[in-house]
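So the structure is just underneath, and the comments pick up after that.
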Amino acid sequence: MKKNIIFATLLAASTTAHAQETIETTVSADIVNQYIWRGQDLGNVSLQPTFGVVYKGLSLTAWGSVGLSNAADTKEFDLTAAYSTGGFNIGITDYWFNTGLDPENRYFKYNAHGTNHIFEGNIGYDFGVASVQWFTYFAGNDGTNNDGKRAYSSYVEVAVPFHLATVDWTATAGVVPTATTLYGTTGFAVTNLSVRATKNIKVTDSFSIPVFGQLTANPCAQKAYLVFGLTLQP
């Protein structure tokens, strides 16, 4: 389940590509001490590669995660198609995990009651001073609500970027509006309060490594996490 910073980066690239009308390619990989996503703990030390292509506001992205310190950590492979124009963006993501309903972990199994895929739609707007995103699972291995029915699990997030002391920051608040076993909620719940700092560390005159730290709290689950990571890119 790709991190929102990766999605935001590709959307920004999309806007640039739209203006230049050229094909842009993104190739990078994050290394993190913990895989924390929307306030959920999804693994320990992980390698998370990204490959994306953007043209005239349309982006196609592949993203993955594999545990480096614990072989039992879930492996993940996500594909996203998105479009942005101005501050508006919309997209669809196919999440796949090597654990779930299908014990044989088959990628090309899309049976509604036996697949390890989850399909999510999202829509949002970047106002400059803040961005708002709404995500909803509409098919695949979704969670259930309090009645045991498909939850159509949703997540809503507001992110506010700012610059302080030569560092780029992002403050984020995320909520799950309804009950779903996927997020461990029984109703409306705040699941993600985080602040993230990113800074480029200069290695040579022509090469630098972005590093980031993030403090995340999940009030619903009564959990807190401190994440450190770095991004490798050509």
Side-chain angles (χ1 to χ4, degrees), residues 1-11 13-14 25-32 34-54 58-83 89-124 133-145 149-157 174 176 180-185 191-192 227 229 231-232:
M1 297 184 176
K2 64 173 57 61
K3 295 176 298 179
N4 298 317
I5 189 68
I6 294 293
F7 187 61
T9 299
L10 288 167
L11 289 176
S14 229
T25 301
T26 299
V27 179
S28 65
D30 287 351
I31 300 174
V32 293
Q34 284 182 285
Y35 178 13
I36 306 299
W37 181 78
R38 297 181 184 175
Q40 296 177 296
D41 183 355
L42 300 185
N44 297 304
V45 180
S46 299
L47 175 66
Q48 300 174 336
T50 299
F51 173 69
V53 178
V54 184
L58 176 66
S59 64
L60 300 174
T61 310
W63 185 93
S65 182
V66 60
L68 298 179
S69 62
N70 185 353
D73 278 346
T74 300
K75 295 180 177 64
E76 180 180 347
F77 175 41
D78 306 335
L79 295 173
T80 297
Y83 178 75
N89 66 81
I90 190 170
I92 295 177
T93 297
D94 171 9
Y95 299 102
W96 180 84
F97 307 88
N98 69 329
T99 60
L101 297 175
D102 178 17
E104 298 180 11
N105 301 325
R106 290 170 291 181
Y107 182 85
F108 294 103
K109 182 177 181 180
Y110 295 96
N111 183 291
H113 303 289
T115 184
N116 287 353
H117 290 265
I118 310 176
F119 299 90
E120 179 184 74
N122 74 276
I123 189 169
Q133 292 284 334
W134 183 293
F135 305 86
T136 296
Y137 295 128
F138 61 86
N141 186 17
D142 191 7
T144 57
N145 59 24
K149 299 179 181 179
R150 175 183 286 276
Y152 294 98
S153 305
S154 295
Y155 173 80
V156 186
E157 183 175 275
V176 176
T180 170
T181 55
L182 202 67
Y183 290 103
T185 61
T191 60
N192 180 21
V227 176
T231 301
L232 304 176

Hey, what do you get for OG1 (Thr50) to CG (Leu232), rounding to the nearest 0.5 Å?
11.5 Å
Using the six-membered ring of Phe108, assess whether NZ or CZ of Arg106 lies under 6.0 Å from its centre and within 45 degrees of the ring axis.
no
Could you check Thr80, Asn122, Asp78 and say which one makes a side-chain hydrogen bond (donor to acceptor under 3.5 Å, both in side chains) with Thr93?
Thr80
If the plane angle is over 60° it's perpendicular, under 30° parallel, otherwise tilted; pick one for Tyr137 and Tyr95.
perpendicular
Tell me, do Val156 and Phe135 make a side-chain contact under 4.5 Å, heavy atoms counted?
no
So, do Ile123 and Asn89 sit near enough that their side-chain heavy atoms are less than 4.5 Å apart?
no
Among residues at least two apart in sequence or on other chains, which ones pass ring-ring contact (aromatic ring centres under 6.0 Å, His included) with Tyr107?
Phe77, Trp96, His117
Between Asp94 and Ile92, is any pair of side-chain heavy atoms under 4.5 Å apart?
no
Can you check whether Thr74's main-chain N or O pairs, donor with acceptor, with Thr99's side chain at less than 3.5 Å?
no
Would you mind reporting whether Tyr155 and Thr136 have side-chain heavy atoms less than 4.5 Å apart?
no
Quick one: are Arg38 and Tyr183 in side-chain contact, heavy atoms under 4.5 Å?
yes
Test side chain to side chain contact (heavy atoms under 4.5 Å, CB included), reference Gln34, set Asp41, Leu42, Val45, output is Asp41
